[in-house]
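Notes follow once the structure below has been shown.
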Amino acid sequence: MSRPDPDLERAFAALRRQEQREGPGFAPLWQAAGRRPGRPARPRLGAAAVVVATLCGLTGLALWRLQPVGPPPQSSVPSLSHWRPATDFLLRTPGREILGAAPPLGRSAFRFPTSSANRERRPS
Amino acid sequence: MIERSLEQHLAELHPASFGWSLQCCRWDRQEAEDVLQAAYVKILDGRARFDGRSSLKTWLFSVIRRTAAERRRAQWTRALLSLHWRNGHAAPAPVATPEALAGDGETARALRAALSRLPARQREVLHLVFYQDLTLEQAAEVLAISLGSARTHYHRGKAALRESLRGEGAR
């Protein structure tokens with residue numbers, strides 16, 4: 001930083017000499033400051049703020065814990081095991097049990113009139 | 001031991017501190033003494049603590065500047081609440097006019113008058129650089145502004161001060 005301002009420097013030096021010559025001494029001000037009671041307002045204010053915040057927190061927690069605990073709300077969406085497609089009725093066709101189960105051996109699922117059966121019925 | 005050393009340093013800086021306090025209080029001598037004493041109280045009761053991050057001088061000047069600003073705000077608040085008017089007391093201490101400071105040297109008087117016409121920031125930067133011999137970086141630290149901002153205030157202030165001093169000389 002360049003300060004090629006001899007006029008300003010001289011003027012400020014004159015002001016400094018004058019003000020500092022007429023200023024109060026250090027000792028009276030320092031001793032008066034030592035006698036003056038301090039003002040520990042901020043620490044007190046800080047402690048009060050911490051207490052208030054803690055009380056608010058505890059009250060909030062208590063209110064939250066006192067809320068009645070009921071059953072969980074029922075879901076409007078049915079579970080997958082109960083779900084049926086809307087087109088399920090189309091599969092209900094006659095004879096669909098043949099498709100759904102293995103046919104038993106030695107027996108037909110349908111009754112057909114046979115010649116042997118007719119022979120049995122005919123009295124000899 | 002440490003406190004003793006701090007006290008010695010503060011005693012050495014006291015004349016410069018008083019000059020800075022005067023500037024912060026716009027040359028109201030009584031107010032400047034009160035501000036400086038209040039700053040010493042802050043240091044003594046630990047509300048202002050030097051942590052060594054800057055030089056002692058810039059730290060002390062910051063404390064003084066903040067203390068002066070707090071007192072000014074308190075005075076404005078009291079004035080707004082009209083306590084002074086209702087109680088019949090005088091208004092907050094007026095800015096010392098150059099005429100009121102009779103007996104000053106002519107150069108000092110002219111400079112003070114010219115400085116009092118400058119915006120506060122420019123006045124502060126010029127005081128810190130020319131009166132207190134601080135660098136622009138240190139001045140920026142005291143005023144809690146950026147270096148670029150301090151540089152701008154410095155150049156503008158210097159130009160305005162020269163202009164103002166020319167006007168003073170012409171009178």
Side-chain angles (χ1 to χ4, degrees), chain A residues 1-70, chain B residues 7-8 10-23 27 29-30 32-34 36-47 101 103-112 114-115 126-127 129-133 135-137 139 147 150-151 154-155 157-158 161-162 165-166 168:
Chain A
M1 181 184 63
S2 61
R3 263 176 37 188
D5 293 288
D7 292 344
L8 284 185
E9 285 185 358
R10 263 198 302 277
F12 272 98
L15 182 66
R16 181 171 53 226
R17 275 194 303 273
Q18 186 183 46
E19 285 181 355
Q20 296 185 355
R21 198 171 50 236
E22 296 171 358
F26 173 72
L29 277 188
W30 183 254
Q31 284 160 10
R35 282 193 300 270
R36 218 159 93 169
R39 202 162 44 104
R42 280 192 179 162
R44 274 187 205 160
L45 212 65
V50 168
V51 169
V52 168
T54 309
L55 283 176
C56 286
L58 287 175
T59 310
L61 191 68
L63 288 175
W64 179 69
R65 290 293 298 271
L66 285 176
Q67 277 180 352
V69 181
Chain B
E7 187 180 333
Q8 281 171 348
L10 292 177
E12 283 164 18
L13 288 171
H14 178 74
S17 304
F18 180 66
W20 174 236
S21 185
L22 264 179
Q23 201 288 137
W27 298 287
R29 191 191 155 95
Q30 187 55 51
E33 283 186 25
D34 287 349
L36 193 53
Q37 191 181 331
Y40 288 158
V41 171
K42 278 185 181 176
I43 293 167
L44 278 170
D45 68 16
R47 271 181 293 152
L101 298 160
D104 290 352
E106 185 56 30
T107 314
R109 187 203 66 78
L111 179 60
R112 207 177 279 148
L115 280 171
L126 290 179
H127 177 98
V129 171
F130 283 103
Y131 187 111
Q132 304 287 355
D133 281 326
T135 62
L136 266 181
E137 286 86 352
L147 177 59
R151 191 169 283 135
Y154 171 74
H155 288 298
K158 216 164 62 170
L161 185 63
R162 271 207 211 97
L165 280 174
R166 264 199 291 274
E168 278 287 314

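Fair warning: this is a prediction, and the values are worked out from it, not measured in the lab.
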> About how many Å separate CD of Glu7(B) and OH of Tyr40(B), when rounded to the nearest 0.5 Å?
Replying inline: 10.0 Å
>> Please report the interatomic distance CG(Leu15(A)) to CG(Leu8(A)), rounded to the nearest 0.5 Å.
In response: 12.0 Å
>> Can you list everything that forms a side chain to side chain contact (heavy atoms under 4.5 Å, CB included) with Ala13(A)? Sequence neighbours excluded, please.
In response: Arg16(A), Arg17(A)
Where on [X] is there a heavy atom nearer than 4.5 Å to chain A: the side chain, the backbone, both, or neither?
X         : answer
Arg29(B)  : side chain
Ala39(B)  : neither
Leu115(B) : side chain
Leu126(B) : both

>> Test of understanding: with ring-ring contact (aromatic ring centres under 6.0 Å, His included), list the residues that count as partners of Phe18(B), not counting sequence neighbours.
In response: none
